[in-house]
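Here is the naming used below: chain letters follow the sequence lines, and residue numbers restart at 1 for every chain. Note that these values count all heavy atoms, side chains included, but never hydrogens, waters or copies made by symmetry.
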Amino acid sequence: MSTSTETSGSDRPLDFIRQIVDQDQKSGKHSVPVTRFPPEPNGFLHIGHAKSICLNFGISNEYRGRCHLRFDDTNPSKEEVEYVESIKADVQWLGFDWQDHLYFASDYFDKLYDYAEQLIHRGKAYVCDLSADEIRNYRGTLTEPGKDSPYRGRSVEENLELFRKMRDGAYAEGSRVLRAKIDMSSPAIVMRDPVLYRIVYASHHRTGDKWCIYPMYDFTHCLSDMLEEITHSLCTLEFQDNRLLYDWVLDTLETPCHPRQIEFARLNLTYTVMSKRKLLQLVDEYHVDGWDDPRMLTISGLRRRGFTPNSIRKFCDLIGIGKKQSWIDMGVLENAVRDDLNETAPRVMGVLEPLKVVIDNYPEDMDEEITAQNHPQKPEMGTRILPFSRELYIERNDFMEEPPRKFFRLGPGREVRLRYGYYITCVSYEKDADGNVTLLHCTYDPETKGGTSTDGRKVKGTIHWVSAKDAVDGKVYLYDRLFDVEHPDGDKDVDFKTHLNPESRKILEGCKLEPSLAEIEAGVQVQFERQGYYCLDAVLSTPGKPVFNRVVTLRDSWAKIK
RNA sequence: UGGGGCGUAGCCAAGUGGCUAAGGCACCGGGUUUUGAUCCCGGCAUUCGUAGGUUCGAGUCCUACCGCCCCAGCCA
C-alpha cells in the first residue's frame, strides 16, 4: 500500500526521530526499524493520534520496517470492543497497513505474569497491603522523599504466595498490589516503588474473567515492546519520566532486547480541545451530535466532514516532529485540505442562498445545454453539461442594491458573466414589504455564449448560477471552528465550553444545486465554485434529498477587502 | 524548594562551532486568471529567552539567570 504524500520523500531535513532511526540503520544497530502505534481502546482516535500514526507507520514505510497496531488494553474497567473496531477502521482509512501485526497487550498477560514472578524471585518486587490512600501518603511529595512500605521486607516466598493468591482471587479489590522495589527516596516519583499489578474484578473485553489482577502501563508497555522486538518506541513528552521505569524493568529482567523509548511533543491545535475527556464531555452533553459530528476533530468526524486521508497525512507531514510543546494554527489543517482538494475535487455550481433571476430577453421556451469543465487546470478531468434557461438562481450576496466601487458582481445596471454562460446585465429588481430583494430582471447578450464577448468587452465579475427549473434542492451544513477563541482551555478558571462557537454550524435549506449533484456519492468531495469544498453527508442524506457538508471554504480575499 | 524536558519571526520548523540564519503557514506588495479560487514573482529575524565567558570565529561549547511544560492514579 502506498502511503506517501506529495510532500514527503523530498530533500527536507529529517526530524530528530528519523535521524536516530536513520543512524541506527546505517550503524547496523537494527536492519529495519520496528515501531508500534499503541492506542488504549477507551475512546475514538483524533487528529492528535493521527500525528502519532503518521510518524510510526510513516517511519516503517520509509525504512521498509514494520509498524504494529497494538491495543494497550490493561484496564478492563475503561475499555470496550467497539473502540477496537473504530480504531482499526480509522487507521486503515488514514491509509496505513499493519499487515498481520495486530496485537493486544492482553495477549501477553500470561507472559507478563511470569515476568512479575521473576521480579519477585529477584527480590525486585513485593506485595504491598497498604491502601491506595496509604500508598499515596507514603510516596512523599515532589520535594520530600517517600517512606518505605512496612511490607517492603517480605520474603520472596511470602511475596510469591501472596501474589499467586492475588491472581487466584483470594483478596478484595484494592486490598493488595504488587510493587516494584526500587527507591522510595528517588527524586523521580515514578521510581518510588511503583505499582505493577492491581486487583480488578472486571470482565476484560478479550480475556473475560480469566484474570482478576491486571498489569499497569509501566510494566506492560516496555515488556510488550520487548516481546514484539520493537526498535523505537515513540511516545509523547509526558512519558519522559516513565522512561526511567521502562528501562529499569527491561534491565532488571535481563531481556533479550531493549527498545529505545523516544518522546516527541503531542499535537495541539488552536480553536479546539484535544483531550479525550473534553471531547467526551462535548458528546455527552450534546454540544455536538456524537463522536463523528463533522465539527469534531476525531478521525471519524474529519472523515464525515469530508477531509481526505491524504490531507491529514500532508498536515502531519507539514507540522513536523519536535520536543517543544507548541500550538499549530487551525489554519494549517484547513489549508492542508484546501491544497489537497484543489487538486482532486471536481468543480460544480451550487447556489447556497438563492436569489431568482429572470432574463427578460431570453425566449421563454428556449433551453440550452452548456458545457462546463470539471477542473479548469485539469482538462483530463472532463466536462459536464449544464442546462440553461430563462429563469436562474444566483447567490443572494452576488447582488447589491448599492454596490461599492470594488464590488465586481451584480448591481443595478451592472454587467457580469455567468460562469460558462452569458454576460447578463441587471435592469431592475423587485422587493418585498420588508425590503428584501426578491427578484432580479436581467438581460443577456446572445453574443457572449460560453462567457466571452466578441467585441473584447471585459467584465470583472464571474458568478455562479443554476437553472431554476433544473435545480436540485438540497440542504447544506456550513461548518466552522467549534470554538471561537484560540485557546478554549487556556484558562483553568473558565469552562472551555463557554468558548463554544455559536456559529460552528449553520444549516441552509432550499439550496439550489446543479443537476449533476443529484447522483453524487456520499463521501466524495466537490468544489462549489467560488465557495468551498463540500461533501455529501453519509448520515443525513436521503435519496433525492442531498445534504452537503462544507469541508472548508475557499480562500476569500474579498472578505478581507470588505 | 525535588526530578524530567523545552526556549530560533505572529505560528510551526531546519540548523550537529566557519560562506549572506533553510523551508512551510500567516501577512504585505505585484502579475496571470471565465472561481475575488488556483498559479507565478517579490517582500518578510543585523539575530537565535537574557547576561556573561571560551574561541580567529558561537544559534551551535561553558557558566549563571529568566520563562514555559510534565511528574505526587491501584489511568494510559
Side-chain angles (χ1 to χ4, degrees), chain A residues 7 10 12-15 19 38-40 42 72 74-75 77-79 128 130-132 135-137 139-146 173-179 185-192 194-200 213-214 216-218 220-221 235-244 263 265 270 276 317-329 331-332 335-336 338-339 342-343 347 349 372-373 375-377 406-409 417-421 423 448 450-452 459-464 486 527-532 553-562:
Chain A
T7 45
S10 63
R12 273 180 49 194
L14 299 177
D15 59 67
Q19 284 181 33
E40 182 187 13
N42 70 341
D72 217 335
T74 57
N75 186 354
S77 54
K78 288 189 174 177
E79 295 148 7
C128 182
L130 254 26
S131 69
I135 286 182
R136 186 174 350 104
N137 292 145
R139 188 148 36 217
T141 67
L142 295 178
T143 52
E144 302 161 283
E173 199 163 301
S175 62
R176 283 182 168 82
V177 291
L178 181 74
R179 292 227 251 168
S185 63
S186 170
I189 287 170
V190 71
M191 298 300 268
R192 318 238 263 231
V195 171
L196 265 23
Y197 267 89
R198 74 288 214 190
I199 300 169
V200 180
I213 57 170
Y214 291 92
M216 300 286 289
Y217 166 84
D218 286 306
T220 309
H221 207 89
C235 63
T236 43
L237 254 26
E238 65 271 27
F239 291 99
Q240 285 175 121
D241 290 343
N242 299 250
R243 189 176 65 237
L244 246 30
E263 310 86 12
T270 56
K276 275 185 192 174
D317 210 55
L318 219 49
I319 59 177
I321 301 292
K323 295 189 74 153
K324 177 171 70 173
Q325 42 65 249
S326 59
W327 293 86
I328 306 292
D329 284 344
V332 178
N335 206 57
R338 262 189 212 111
D339 277 1
N342 177 47
E343 295 295 319
R347 267 96 247 234
M349 292 202 276
Q373 290 181 277
H375 191 127
Q377 282 81 37
K406 304 194 88 172
F407 185 80
F408 302 150
R409 288 110 95 159
R417 170 167 42 235
L418 295 174
R419 172 133 246 225
Y420 300 120
Y423 288 8
T448 58
T452 47
V459 290
K460 274 211 189 98
T462 300
I463 65 173
H464 58 279
E486 273 197 295
Q527 184 197 93
F528 286 4
E529 289 208 31
R530 305 210 302 134
Q531 310 205 83
T553 61
L554 250 33
R555 278 203 189 81
D556 185 2
S557 57
W558 166 244
K560 285 181 205 163
I561 295 167
K562 281 191 295 190

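- Checking side-chain atoms of A/E144 against main-chain N and O of A/T141 turns up no donor-acceptor pair under 3.5 Å.
- Side-chain nitrogen and oxygen atoms of A/N335 include at least one within less than 4.0 Å of the OP1 or OP2 phosphate oxygen of B/A26.
- Nearest nucleotide to the side chain of A/Q527, out of B/A37, B/U35, B/A76: B/U35.
- Both A/T74 and A/I321 lie near RNA chain B, and the one whose nearest nucleotide falls closer to the 5' end is A/I321.
- No hydrogens or angles were tested; on distance alone, a donor-acceptor pair under 3.5 Å links the side chain of A/Q377 to the base of B/A37.
- Between the side chain of A/Q19 and the base of B/U16, at least one donor-acceptor pair of N or O atoms lies under 3.5 Å.
- B/A76 atom P lies 7 Å from atom NZ of A/K78, rounded to whole Å.
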Across nucleotides 3-12 of chain B, 5' to 3', mark each nucleotide with B, S or - according to how protein heavy atoms within less than 4.0 Å reach it. BSSS-S-BSS
The dot-bracket string of RNA chain B, counting Watson-Crick and G-U wobble pairs with both distances under 3.5 Å, using [ ] for crossing pairs and | for pairs to another strand, is .(((((((.[[[..)..(....]]].(((((.......))))).....[[[[[..)....]]]]])))))).....
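- A donor-acceptor pair is defined here as one N or O able to donate and one able to accept, closer than 3.5 Å; no such pair exists between the side chain of A/R176 and the backbone of A/C128.
- For A/R136 and B/G73, a side-chain-to-base donor-acceptor distance below 3.5 Å is absent, hydrogens and geometry of angles not being considered.
- In this structure A/H464 satisfies the ring-ring contact (aromatic ring centres under 6.0 Å, His included) test with no other residue, sequence neighbours excluded.
- When heavy atoms are screened at a 4.0 angstrom cut-off, A/F528 is found touching no nucleic acid atom at all.
- Screening A/Q527, A/Q531, A/E529 for a side chain to side chain contact (heavy atoms under 4.5 Å, CB included) involving A/L554 leaves a single residue, A/Q527.
- Using a 4.0 Å heavy-atom cutoff across all strands shown, A/I135 reaches at least one base atom of the nucleic acid.
- Residue order along RNA chain B, read from the 5' end via each residue's closest nucleotide, puts A/L14 first among A/R338 and A/L14.
- The distance from atom NZ of A/K560 to atom C1' of B/C27 is 8 Å, rounded to the nearest whole Å.
- Considering only side-chain N and O atoms, A/R176 lies nowhere under 4.0 angstrom from the phosphate OP1 or OP2 of B/C74.
- Shortest non-hydrogen contact noted between A/S175 and A/I199 is OG-CD1, 4.0 Å.
- For A/R139, no side-chain nitrogen or oxygen approaches OP1 or OP2 of B/C71 to under 4.0 Å.
- A/G174 comes within 4.0 angstrom of a base, heavy atoms only.
- One finds a side-chain N or O of A/R555 lying less than 4.0 angstrom from the OP1 or OP2 phosphate oxygen of B/A26.
- With C1' as the reference atom, B/C41 and B/U33 are 15 Å apart, rounded to whole Å.
- A/M191 comes within 4.0 angstrom of nothing in the nucleic acid, heavy atoms only.
- Taking syn as a glycosidic angle within 90° of 0, B/G73 qualifies as syn.
- In this structure, the nucleotide among B/G15, B/A72, B/C75 sitting nearest to the side chain of A/P13 is B/G15.
- Stacking is not found between A/Y217 and the pyrimidine-like six-membered ring of the B/A76 base under the 5.5 Å centre-distance and 30° plane-angle cut-offs.
- As rounded to the nearest Å, B/A76 and B/A9 have P atoms that lie 38 Å from one another.
- Between A/F408 and A/W558, a ring centre-to-centre spacing not shorter than 6.0 Å is recorded.
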